[in-house]
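A note on names: the letters A, B, ... follow the listed sequences, proteins ahead of strands, and every chain is numbered from 1. Everything quoted here is computed from the prediction, not taken from an experiment.
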Amino acid sequence: MKYWLMKSEPDAFSIDDLQQRPGQTEHWDGVRNYQARNMMRDDMKIGDQVFFYHSNCDSPGIVGIAEVAKEAYPDFTAFDPADKHFDPKSNPDKPTWFMVDLRFVRKLKRAISLQELKLKPELAELALVRRGNRLSIMPVTASQWDFILQLE
DNA sequence: GCCAACGTTGGC
DNA sequence: GCCAACGTTGGC
């Protein structure tokens, strides 16, 4: 089993939104970055654990845990010209973009802010705190995962 | 709202 | 294949 961190803007889709979805499950559409796509398509398996990170908000940080509920399948929002994430280069016969489904696991007892994560030498290698990182999906090692959870 | 850091695009 | 221009991300 692998560990991941996935970013979402809480104004668009928050951990609370995930918790309130039917089955507490939602598809993770709109990823339009090849590195992030490759991780979803090639490496994310059912049961993988995911830190849910709130980005681009007042207090960016890790707010909860989700798990992979369905492995990669074509991101159908890329096929819809009316959709914000429409991509004419992608089509159902040969999709460019993929998504997974996530299921809510739990919220953390407290949010762990980016500010706090940046201070921890144990997390120096975490892509999230590295300069200029903009990846919306990134791997987390087992030791990073355990370390972050014991901060809770 | 600003802007640094990236990724992508397209002319050549 | 280079690289300038442009668009996006996301912290602050």
Problem set entry | Distance in angstrom units between A/His85 NE2 and C/dG7 C1', rounded | 15 Å
Problem set entry | Integer-rounded Å distance: C/dG10 C1' and A/Leu135 CG | 13 Å
Seminar exercise, completed: When rounded to whole Å, the CZ to C1' distance for the pair A/Arg130 and C/dG11 reads 18 Å
Exercise. What do you reckon, are the aromatic ring centroids of A/Phe98 and A/Trp28 less than 6.0 Å apart?
Worked result: no
For this session: In whole angstrom, give the distance that lies between atom CG of A/Asp11 and atom P of C/dG11.
Result: 13 Å
Exercise. Does A/Tyr34 have a side-chain nitrogen or oxygen under 4.0 Å from the phosphate oxygens OP1 or OP2 of B/dC6?
Worked result: no
Exercise. In whole angstrom, what separates A/Leu114's CG from C/dC12's P?
Worked result: 6 Å
For this session: Could you please name the option among B/dG7, B/dC6, C/dG11 that lies closest to any side-chain atom of A/Ser55?
Result: C/dG11
Exercise. Considering heavy-atom distances to DNA chain B, does A/Gly132 or A/Asn56 have its closest nucleotide positioned more toward the 5' end?
Worked result: A/Asn56
Exercise. Between atom CE in A/Met6 and atom C1' in C/dG10, what is the gap in whole Å?
Worked result: 17 Å
Exercise. Whole-Å distance between C/dG11 P and A/His54 NE2?
Worked result: 12 Å
For this session: Measure from the side-chain N and O atoms of A/Ser143 to the backbone N and O of A/Thr141, and report whether any donor-acceptor pair falls under 3.5 Å.
Result: no
Problem set entry | Interatomic distance where CG belongs to A/Asn33 and P belongs to B/dT8 [whole Å] | 6 Å
For this session: May I ask you to evaluate whether A/Lys7 reaches the phosphate of C/dT9, defined as a side-chain N or O under 4.0 Å from OP1 or OP2?
Result: no
Problem set entry | Under 4.0 angstrom between A/Lys89 side-chain N/O and B/dT8 OP1 or OP2 | no
For this session: Could you tell me whether A/Glu67 and A/Arg106 have a side-chain N and a carboxylate O separated by less than 4.0 Å?
Result: no
For this session: Please confirm whether A/Lys70 makes a cation-pi placement over A/Tyr73, using NZ or CZ under 6.0 Å from the six-membered ring centre and within 45° of the ring normal.
Result: yes
